[in-house]
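Report on one structure; see the data block that follows.
By convention here, the first residue in the shown sequence is residue 1. Since this is a predicted model, take the numbers as computed values, not measurements.
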Amino acid sequence: MVKRGIRFILTGLFAACFIVLLSGSLIRLRYKERIAPGIWLCGRNISGMTVSEVEEVLRCLLPEVQTEITCEILPEMKVDVEGAIQKRIHETEQRNGNYAAADESEVSQHGTEFLHVRVSDKELFLSIKMPMARVLTEETIQEIVSKSHEVRVWEWIYAVVRGKPFRTRDAEAVIVWEEAQFGELVAAAAELLQRDKKEAAVKWGRGHLVVTDSERGYRLKTETIWEEYEKVTKAAEKRIQTGAVDGLVLRFKLNGTVLMPRLTTSQAKKCDTIIGEFTTGYQGAGSGRSKNIAAGASHLHATVILPGEEFSTVAALMPFTEENGYAPGGTYIAGKLSESIGGGVCQLSTTIYNALLQTRLEITERCPHSMPVGYIPPGRDAAIAGDYKDLKFKNTTKVPVILLCEATGDKVRVTLYGTKEALRENVTLESVIAEKESGMTVEVYRIEKAEGGAVLREKISTDRYRNIGE
């Protein structure tokens, strides 16, 4: 009796399962072209839809998104950026045949139906409605079908009987962001904001230094733009997957780099004192040597040495090539008078050296010639050669030092501008020949009259020269 009851129960259960499976299969068969119950996509219930209906949903899923880009600018850029914007709008209107006038109520606001641009003293603002993302239809359909296959037979029956799904499943749209669109927008902003820095220029003006205005430059920090892009689009995609696309605005904050000139107007104007000045003559030096002095002077002229910087005369004059303005000229080579490209430029380093001896700047390297030269007393020359002889000095003051060098055809003059802290008052130089057998040993003294009438005598060098041909 018990066994018969158990068989009866098992048979009933088997029949029930069979009926459930059969019903589920029939339901699935009936709805085989439709999405399973409980499937949602981007906040929308797509249960029961056909694939073609889902494709239509996908086509309308991502509307054009408002994209806003803001970037801080320099106040002095405002007028130039506005002018560039106005020019671009005019060119665009001419191409499109649209001659609608700009909003006259706000000079700093220009735009069209799609693009809006605003410039303030501190910020550039771009706003445009554009398709910034698209849905990959085939890949998204595959994702939806995969979610449909997760729905069990009994869930189908439950949904038919109860009129609602047992549970919901979210399928994610496969979204691709239009990096090219964003890149074009950034490129437009970068072009509007590109600004080259301008150094303060210095020149002679009737016996005094004339300083022209410097300008700060500006560049977008391109290395951080795509980090910002990834962060913003990741947050936006999270909203899209939940269906929150209404009012979606992609806001990008771009950063820029201010390019400071090495010499600003304010810095240059602090260089109001001639701290050292010296002139040497080269009349009758020959065409090659004269040309080299003139070429070297042009390379040295208006050189700026910032606080803490070390100046190298060789680095400023090189390369010694014809392309750089030099010609064969007389020079000492291995104790003999010879010719080389750039020969004669040692007169420039010598002139600089004698101007430096009047200052408190630190001379870090100076080499004498192997033999005396005719344009300066012995012991006061400064030779340069290749990478083993150089004249170097360091700007030990708190403001820039400006080196001016002018060749007039028979004389070369070096003037050093700085502040009074680098100036020595009432300096004279004295060369003393200590020995004159088989060459010459020379000691050079700097004599300075200090405050109160005291005289300071300081030995600054001892040099040994050999006779020509030795």
Test salt bridge (charged side-chain N to carboxylate O under 4.0 Å, His left out) on Lys394 and Glu365 and set out the steps. CA-CA 10 Å; Lys394 187 175 183 180; Glu365 182 179 340; over 6 Å; no
When rounded to the nearest 0.5 Å, the distance separating CZ of Arg424 from CD1 of Ile275 is 11.0 Å
Using a strict cut-off of less than 4.0 Å between a Lys/Arg side-chain nitrogen and an Asp/Glu carboxylate oxygen, indicate whether Glu64 and Lys129 qualify as a salt bridge. no
Kindly give the heavy-atom pair with the smallest separation between Arg380 and Thr350, and that separation in Å. O-CG2, 3.6 Å
Are the side chain of Thr313 and the backbone of Leu391 linked by a donor-acceptor contact shorter than 3.5 Å? yes
Please say which of Tyr353, Tyr375, Tyr465 ends up in a side-chain hydrogen bond (donor to acceptor under 3.5 Å, both in side chains) with Asp381. Tyr465
Kindly say whether Tyr282 contributes a backbone atom to a donor-acceptor pair with the side chain of Arg289 at under 3.5 angstrom? no
So which atom in Lys147 and which in Asp170 form the shortest heavy-atom distance, rounded to 0.1 Å? CE-O, 3.3 Å
Taking atom types as modelled and ignoring hydrogens, do the side chains of Glu421 and Thr397 form a donor-acceptor contact shorter than 3.5 angstrom? no
Any sub-3.5 Å donor-acceptor pair from His301's side-chain atoms to Cys405's backbone N or O? yes
One should read off an interatomic distance between Arg239 CZ and Leu248 CG, to the nearest 0.5 angstrom, of 5.0 Å
When you measure from the side chain of Asp463 to the backbone of Val442, do you find a donor-acceptor pair of N or O atoms at a distance under 3.5 Å? no
Any donor-acceptor pair under 3.5 Å linking the side chain of Asn395 with the backbone of Leu361? no
Got a donor-acceptor contact below 3.5 angstrom from the Gln358 side chain to the Glu277 backbone? yes
Electrostatic pair Arg262:Glu309 at N-O distance under 4.0 angstrom: yes
Report yes or no: do Thr257 and Arg219 form a side-chain donor-acceptor pair below 3.5 Å? no
Which atoms form the tightest heavy-atom contact between Gly379 and Val444, and what is the distance? O-CG2, 3.2 Å
Indicate yes or no for a side-chain donor-acceptor contact from Arg446 to the backbone of Leu357 under 3.5 Å, with no hydrogens or angles considered. yes
Within a radius of less than 6.0 Å around CD of Gln283, do more than 12 heavy atoms belonging to other residues, nucleotides or ligands occur? no
Could you check Arg44 against Val57 for side-chain contact (heavy atoms from CB on, under 4.5 Å), going step by step and ending with a plain yes or no? CA-CA 9 Å; Arg44 300 186 185 191; Val57 170; 3.6 Å; yes
Under the 3.5 angstrom rule, does the side chain of Ser349 hit a backbone N or O of Ala382 as a donor-acceptor pair? yes
Applying side-chain contact (heavy atoms from CB on, under 4.5 Å) to Leu300 and Ile352, what does each step give before you reach the verdict? CA-CA 10 Å; Leu300 292 169; Ile352 295 172; 3.9 Å; yes
Note: Pro63 and Leu61 closest approach over all heavy atoms is CD-O, 3.3 Å
Which class fits the ring pair Phe182 and Trp226: parallel under 30°, tilted 30 to 60°, perpendicular over 60°? perpendicular
Which atom pair, heavy atoms only, marks the closest approach of Asn292 to Leu348? O-CD1, 4.5 Å
So which of Glu228, Glu68, Glu123, Glu227 actually passes salt bridge (Lys or Arg N to Asp or Glu O under 4.0 Å) with Lys253? Glu123
Go through it in stages, so that I can follow the logic: the residues are Tyr417 and Ile274, the test is side-chain contact (heavy atoms from CB on, under 4.5 Å), and I'd like the CA-CA distance, side-chain angles, deciding distance and then a yes or no. CA-CA 5 Å; Tyr417 272 87; Ile274 295 178; 3.6 Å; yes
Inspect the contact between Glu406 and Lys411 and indicate whether a charged nitrogen and a carboxylate oxygen are less than 4.0 angstrom apart. no
Residues 302-326 vs ring pair (Phe, Tyr, Trp, His ring centres under 6.0 Å), sequence neighbours excluded, gives His299-Tyr326, Phe311-Phe393, Phe320-Tyr326
Decide yes or no on salt bridge (charged side-chain N to carboxylate O under 4.0 Å, His left out) for Arg216 and Glu76, but give the supporting numbers first. CA-CA 9 Å; Arg216 294 185 292 178; Glu76 60 264 34; 2.9 Å; yes
Do the numbers put Arg195 on top of the ring of Tyr218, so that NZ or CZ is under 6.0 Å from the six-membered ring centre and no more than 45° off the axis? no
Given Ile85 and Leu124, is the side-chain contact (heavy atoms from CB on, under 4.5 Å) satisfied, shown in steps? CA-CA 11 Å; Ile85 292 170; Leu124 169 70; 4.2 Å; yes
With a 3.5 Å distance limit and no angle check, can you tell me whether Glu143 reaches the backbone of Thr140 through a side-chain donor-acceptor pair? no
For the CD atom on Glu230, are there more than 12 heavy atoms of other groups (residues, nucleotides or ligands in this structure) within a distance under 6.0 Å? no
Trace of the side-chain hydrogen bond (donor to acceptor under 3.5 Å, both in side chains) decision for Asn255 with Thr224: CA-CA 8 Å; Asn255 297 313; Thr224 62; 4.5 Å; no
Which pair of heavy atoms, one from Ala133 and one from Trp177, lies closest together, and at what distance? CB-CE3, 3.5 Å
How about NZ on Lys270, more than 12 heavy atoms from neighbouring residues, nucleotides or ligands closer than 6.0 Å, or not? no
Measuring from Thr419:OG1 to Arg360:CZ, what's the distance to the nearest 0.5 Å? 11.5 Å
Under 3.5 Å, is there a donor on one side chain and an acceptor on the other for Ser461 and Glu443? no
Would the distance check show the side chain of Thr265 and the main-chain N or O of Ser214 forming a donor-acceptor pair, the cut-off being under 3.5 Å? yes
